[in-house]
Amino acid sequence: MSSPTRVLVLNSGSSSVKYQLLDMRDSSRLAVGLVERIGEQTSRLKHTPAGGESRECGGAIADHDAALKAVAEELAKDGLGLDSPELAAIGHRVVHGGKTFTEPTVIDGAVLAEIERLIPVAPLHNPANLTGIRTAQVLRPDLPQVAVFDTAFHTTMPESAARYAIDVKTADEHRVRRYGFHGTSHAYVSRATAELLGKDPAETNVIVLHLGNGASASAVRGGRCVDTSMGLTPLEGLVMGTRSGDMDPAVIFHLMRVGGMSADEIDTLLNKKSGLIGLCGDNDMREIRRRVDEGDEQAELAFDIYIHRLKKYIGAYYAVLGRVDAVAFTAGVGENAAPVRAAALAGLEELGLAVDGERNAVRGDEARLISPDGARVAVAVVPTDEELEIATQTYALVIGSGNHT
Ligand code: ADP
């Protein structure tokens, strides 16, 4: 029999499961969907088969087990059931792989135990990811399940970038170091950018700016990450939708001692009530731009702070790389917000960086250049595709190793 060609990608959050079923012969989507508000009375499953109408079902979906069973039923209605011999593997997005997981990994008992051991450094994400894996294992115990880690691409960072300058013994005892996140996206986009330039990724240096609601930058030298802006957790680095990004860590002691706030309160403040939403009450860049265009000063200041931080990281990673072939913008803001791209690179002509106004204004789903012809450094918009990258890595591992059923 010919090898199975389908991969199911699962991204399990604490109260949601996003999924895509891909056919790896042509990387096409056979179905995509989302289960939201798991554990509430108002859960919702939205399922869209390729070329078909979306279907929605509401009602209470008690847990991940029920969610995945509901997904399996929807897939079966389209003749794409999880019992199909065409299914080669399930690829799981796992947020934290620590220092251990540098590559996508076929999941066994030891791998599950290690993902569990990493819960203290990813208390929100890894438990949800583990639940998704265990549920999928029950549904198809015979099928290879692969973990693709958000941190893996960043494990090539040198110690000089990965370590915080704090007491080494304390840091090691508590596994405090910079891990970085969004790695699947940074890997995909840096490679796609090299391809857009017609260059070998192994010889291309790229600054990737993943600007979604969460946001991170990375410096990629010859296909390997050498620095990234998120750290022990996704809180470090750029100004984000609801996260502060970089600040003096002493702000926390100050808020504890003088503001009387608890660690949990400050955690919520910095992760959920800061960044753009903390600065101006909105975290959606579309709304912020609309307000800026109307002359709203608070929105303008929030935008300026966002851009100032972004520009600092572009400069820093330019220095880290020494030679830059391209700057690539990706994710919701990076792919759609032309004013962000223009402002982030304004005044950097001396570094060979410029944005062509007309090209920047063009909208589209394809990877494209927005720098002027002949620019020393290419500036690109490269739509990210984390699900395709997870499916590609999963399929390569399973089919490449003959590990399929
Ligand atoms: P995440 O995966 O982190 O939730 P996304 O990459 O989907 O985020 O990005 C979501 C963000 O993208 C929104 O919060 C919004 O700020 C921004 N965004 C989406 N579409 C546009 C647009 N057309 N113009 C400007 N910003 C946009």
Side-chain angles (χ1 to χ4, degrees), residues 9-20 32-37 46 93-95 122 124-125 128-129 148 150 180-189 192 208-218 228-230 233-245 271-294 296 299-300 302-307 309-310 328-344 355 360-368 370 381-390:
V9 176
L10 287 182
N11 181 352
S12 308
S14 55
S15 66
S16 70
V17 176
K18 291 186 199 141
Y19 62 95
Q20 292 198 1
V32 303
L34 163 73
V35 190
E36 290 176 297
R37 299 193 289 273
K46 185 171 181 200
R93 174 184 182 224
V94 179
V95 168
L124 294 179
H125 294 108
N129 300 155
V148 179
D150 245 25
F181 299 89
H182 293 145
T184 308
S185 176
H186 287 283
Y188 176 85
V189 170
V208 179
L209 305 170
H210 176 111
L211 311 176
N213 197 24
S216 64
S218 69
T228 194
S229 59
M230 284 178 167
T233 78
L235 184 54
E236 190 179 344
L238 300 173
V239 176
M240 312 184 205
T242 65
R243 295 191 190 112
S244 63
N271 275 296
K272 303 245 162 77
K273 298 183 182 170
S274 297
L276 292 170
I277 205 156
L279 289 167
C280 74
D282 273 308
N283 63 328
D284 192 309
M285 191 52 81
R286 282 165 288 202
E287 186 57 20
I288 291 168
R289 285 306 309 172
R290 196 190 57 72
R291 287 172 56 187
V292 170
D293 291 342
E294 283 177 354
D296 182 323
E300 198 172 327
F303 184 80
D304 289 348
I305 294 169
Y306 182 95
I307 296 296
R309 185 82 52 82
L310 190 54
F329 288 88
T330 193
V333 176
E335 290 167 29
N336 296 299
V340 168
R341 299 190 295 255
V355 168
N360 192 31
V362 174
R363 305 184 64 85
D365 300 333
E366 301 287 316
R368 57 197 184 275
I370 57 167
V381 178
V382 180
T384 192
D385 196 337
E386 289 166 281
E387 289 78 15
L388 175 60
E389 181 70 13
I390 291 172

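All values below come from the heavy atoms of this structure, side chains included, with hydrogens, waters and symmetry mates left out. Each ligand, and each atom within it, is numbered from 1 in the order the structure gives.
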Check: Under 3.5 Å between some N or O of ligand 1 and some N or O of His210?
Finding: no
Notebook entry, point to check: So which protein heavy atom does atom 9 (O) of ligand 1 come closest to, and at what separation?
Noted result: Gly332 CA, 3.3 Å
Notebook entry, point to check: What's the shortest heavy-atom distance between Leu276 and Val239, and which atoms?
Noted result: N-CG1, 4.1 Å
Notebook entry, point to check: Looking at atom 2 (O) of ligand 1, is any protein heavy atom nearer than 4.0 Å to it?
Noted result: no
Item checked: Nearest-0.5 Å distance that lies between atom OG in Ser274 and atom CG in Leu279 -> 8.0 Å
Next item on the list: List the closest protein heavy-atom neighbour of atom 10 (C) of ligand 1: residue, atom name, distance to the nearest 0.1 Å.
Entry: Asn213 N, 3.9 Å
Note to self: Evaluate Leu211 for polar contact with ligand 1, using N/O atom pairs at a separation under 3.5 Å.
What the structure shows: no
Notebook entry, point to check: What closest approach, in Å, do Arg243 and Met230 show between heavy atoms, and which atom pair accounts for it?
Noted result: NH1-CE, 3.8 Å
Item checked: Ala331: numbered ligand 1 atoms lying under 4.0 Å from its heavy atoms -> 6 (O)
Next item on the list: State, with a plain yes or no, whether a side-chain heavy atom of Val381 is found less than 4.5 Å away from one of Arg341.
Entry: yes
Margin query: Does the plane of the ring in His186 sit parallel, tilted or perpendicular to the ring in His182? Use 30° and 60° as the thresholds.
Written below: tilted
Checklist line | Spatial distance of atom CG (Leu238) from atom OG (Ser229) [nearest 0.5 Å] | finding: 4.0 Å
Checklist line | Test item: Arg291 and Cys280 side chains (from C-beta on) under 4.5 Å apart, heavy atoms | finding: yes
Check: Near Met285, which atoms of ligand 1 are under 4.0 Å from a heavy atom of that residue?
Finding: 15 (C), 16 (O), 26 (N)
Check: Are Glu287 and Arg290 ion-paired here, with the side-chain N under 4.0 Å from a carboxylate O?
Finding: yes
Check: For ligand 1, which part of Asn283 has a heavy atom less than 4.0 Å away: the side chain, the backbone, both, or neither?
Finding: backbone
Margin query: Please list, in number order, the atoms of ligand 1 under 4.0 Å from a heavy atom of Ala337.
Written below: 25 (C)
Next item on the list: Using heavy-atom distances, let me know which of Thr330, Asn336, Val333, Asp284 sits nearest atom 21 (C) of ligand 1.
Entry: Asn336
Note to self: Taking a cutoff of less than 4.0 Å between a non-hydrogen atom of the residue and any ligand atom, is Arg363 in contact with ligand 1?
What the structure shows: yes
Note to self: If the cut-off is 4.0 Å to any non-hydrogen atom of Gly214, which atoms of ligand 1 fall inside it?
What the structure shows: 3 (O)
Note to self: Distance alone, cut at 3.5 Å: any donor-acceptor contact between the side chains of His210 and Thr330?
What the structure shows: no
Checklist line | Identity and distance of the protein heavy atom lying nearest atom 25 (C) of ligand 1 | finding: Arg286 CG, 3.5 Å
Check: Is it true that Gly241 lies under 4.0 Å from ligand 1, counting heavy atoms only?
Finding: no
